[in-house]
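Per chain, numbering begins at 1; letters A, B, ... match sequence-line order.
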Protein chains: 2
Amino acid sequence: MPARSAPRPMPASRAGQEPLLALEEFLPYRLNRLADKVSREFSKIYADRHGLTRPEWRTLATLGQFGTMTATEIGAHSSMHKTKVSRAVSALEKRKWLARGIDPLDRRLEHLTLTRAGHAAYRDLVPLMKAHEARLLGRASASERQAIQNAIEVLERALKL
Amino acid sequence: MPARSAPRPMPASRAGQEPLLALEEFLPYRLNRLADKVSREFSKIYADRHGLTRPEWRTLATLGQFGTMTATEIGAHSSMHKTKVSRAVSALEKRKWLARGIDPLDRRLEHLTLTRAGHAAYRDLVPLMKAHEARLLGRASASERQAIQNAIEVLERALKL
DNA sequence: GCTTGATGGTTGCAAATCCAATTGTTACGG
DNA sequence: CCGTAACAATTGGATTTGCAACCATCAAGC
């Protein structure tokens, strides 16, 4: 008696229905690969130059942009989980690039601000980062650059970001 | 309502030195945020349904697409470091979703193939993944979808991916 | 043969990440 | 006021990662 011969739809000839999914055309894969490559290139700058991690750089960048914020606000604006922010803040505080200020009206809050040294690092990094971005986008035409901006906006909207 | 707090000095407090870098307009940040959100949404599918990690899913997807490959080839095609591939392969082998075959002419190589169970999981997942991709892209118009494809291609070219 | 250098794949370990509590504080309904 | 719920931020511990060192095999030159 033939073992395991439940009625199966079709014999094994899988020609014609394969490949079912082409990874290299699959949106999440492509986005991830792009982001990964870009991130690697850019992180080289702040990692080599100041030994920063990505959460630390983002925290620095957010405070550099807004001046003073709480940890929660940093997380909201830079899309980082609060534990990442917390650890990035500790690290930056340890190297005295930011200082914590208390809120007299709500002692749960910590108002974080870059120190002079933190700001110096920020001002050191920003032109390098922008230059690298310009160099990368410079490989595309002006209209292509515009298309990239539009596409990102469409995706951000679709993802409710 | 959030707790009351002392009036927070906004960017205005840094009059004279405008924000040098707006994170929310910075390409690497935006790409990373997009990829992260997308990845999170899609990984819910294979994580919830089969307890797969992303490297495991990518390995499964690559083998499902190409049939038989070596670990190095999987890494090249799915943009994963060889250690990730190695660990994903072990995990998939442990649950008997793939089998290793030796190459009689070069015993360094391992030819990896999905087992029947592995292929079943692949066939189970692919429609769900594609449907989710379609649902996501469905929030954009046809011309916007085309613009997204073009933008990604431009970036891939600029990054030599 | 033997040595040297490349290649495929794994492993050890430190660093980074994630999730679920935990602490301390404030807001609010009774 | 009291008890409870919400909130800001931190911490602990298991999981993932990333890098380098490693083992095994092959290829080429001598």
Near-strand residues of residues 45-52 of chain A, defined as heavy-atom separation under 4.0 angstrom from DNA chain D: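 Listed by number, there are none.
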B/Arg107 vs D/dA24: side-chain N/O to OP1/OP2 distance below 4.0 Å: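 Checking B/Arg107 against D/dA24: no side-chain N or O falls below 4.0 Å of OP1 or OP2.
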Contact under 4.0 Å: B/Lys84 side-chain N or O vs D/dT16 OP1/OP2: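 So the side chain of B/Lys84 is outside the cut-off, no N or O lying under 4.0 Å from OP1 or OP2 of D/dT16.
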Carboxylate-amine/guanidinium contact B/Glu156 A/Arg30, below 4.0 Å: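 Here B/Glu156 pairs with A/Arg30 in a salt bridge, since their nearest N and O are under 4.0 Å apart.
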When the distance from [atom1] of [X] to [atom2] of [N] is rounded to whole Å, what number comes out?
X        : N      : atom1 : atom2 : value
B/Ile102 : D/dA24 : CD1   : P     : 17 Å
A/Leu105 : C/dG24 : CG    : C1'   : 17 Å
A/His81  : D/dC7  : NE2   : C1'   : 14 Å
B/Asp36  : D/dT17 : CG    : P     : 13 Å
B/Met80  : D/dC19 : CE    : P     : 16 Å
B/Arg54  : C/dC18 : CZ    : P     : 10 Å

ring-ring contact (aromatic ring centres under 6.0 Å, His included) partners of B/His111, counting only residues at least two apart: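 B/His111: no ring-ring contact (aromatic ring centres under 6.0 Å, His included) contacts found.
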Mutual orientation of the aromatic rings belonging to B/Tyr122 and B/Trp57 [parallel < 30°, tilted 30-60°, perpendicular > 60°]: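 Because their plane-to-plane angle is under 30°, the rings of B/Tyr122 and B/Trp57 count as parallel.
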Let me check something: any side-chain donor-acceptor pairs from residues 133-142 of chain A under 3.5 Å, sequence neighbours excluded? List them with distances.
| from | atom 1 | to | atom 2 | distance (Å) |
| --- | --- | --- | --- | --- |
| A/Glu133 | OE2 | B/Leu27 | N | 3.0 |
| A/Arg135 | NH1 | A/His132 | ND1 | 3.0 |
| A/Arg139 | NH1 | B/Ala158 | O | 2.2 |
| A/Ser141 | OG | A/Ser143 | OG | 3.2 |
| A/Ser141 | OG | A/Glu144 | N | 3.1 |
| A/Ser141 | OG | A/Glu144 | OE1 | 3.4 |

Where protein sits on nucleotides 5-15 of chain C, one letter per nucleotide: B base, S sugar-phosphate only, - none, heavy atoms under 4.0 Å: -BBSBBBBB--
From NZ (A/Lys96) to OG1 (A/Thr115), nearest 0.5 Å: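 Those atoms lie 9.5 Å apart.
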For residues 78-86 of chain A, dump all side-chain donor-acceptor pairs below 3.5 Å to protein atoms at least two apart in sequence or in another chain.
| from | atom 1 | to | atom 2 | distance (Å) |
| --- | --- | --- | --- | --- |
| A/Ser78 | OG | A/Ile74 | O | 2.6 |
| A/Ser79 | OG | B/Tyr29 | OH | 2.9 |

Set of residues satisfying salt bridge (Lys or Arg N to Asp or Glu O under 4.0 Å) with respect to A/Arg54, sequence neighbours excluded: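 Per chain and number, A/Arg54 pairs via salt bridge (Lys or Arg N to Asp or Glu O under 4.0 Å) with no residue.
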Touch class at under 4.0 angstrom, heavy-atom based, for B/Arg40 against every strand present: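 Sugar-phosphate, no base atom in range.
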Side-chain heavy-atom pair B/Leu112, B/Thr70 within 4.5 angstrom cut-off: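 Sidechains of B/Thr70 and B/Leu112: no contact.
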Min side-chain heavy-atom separation A/Gln65-B/Leu20 under 4.5 Å: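 With C-beta onward as the side chain, the pair stays apart.
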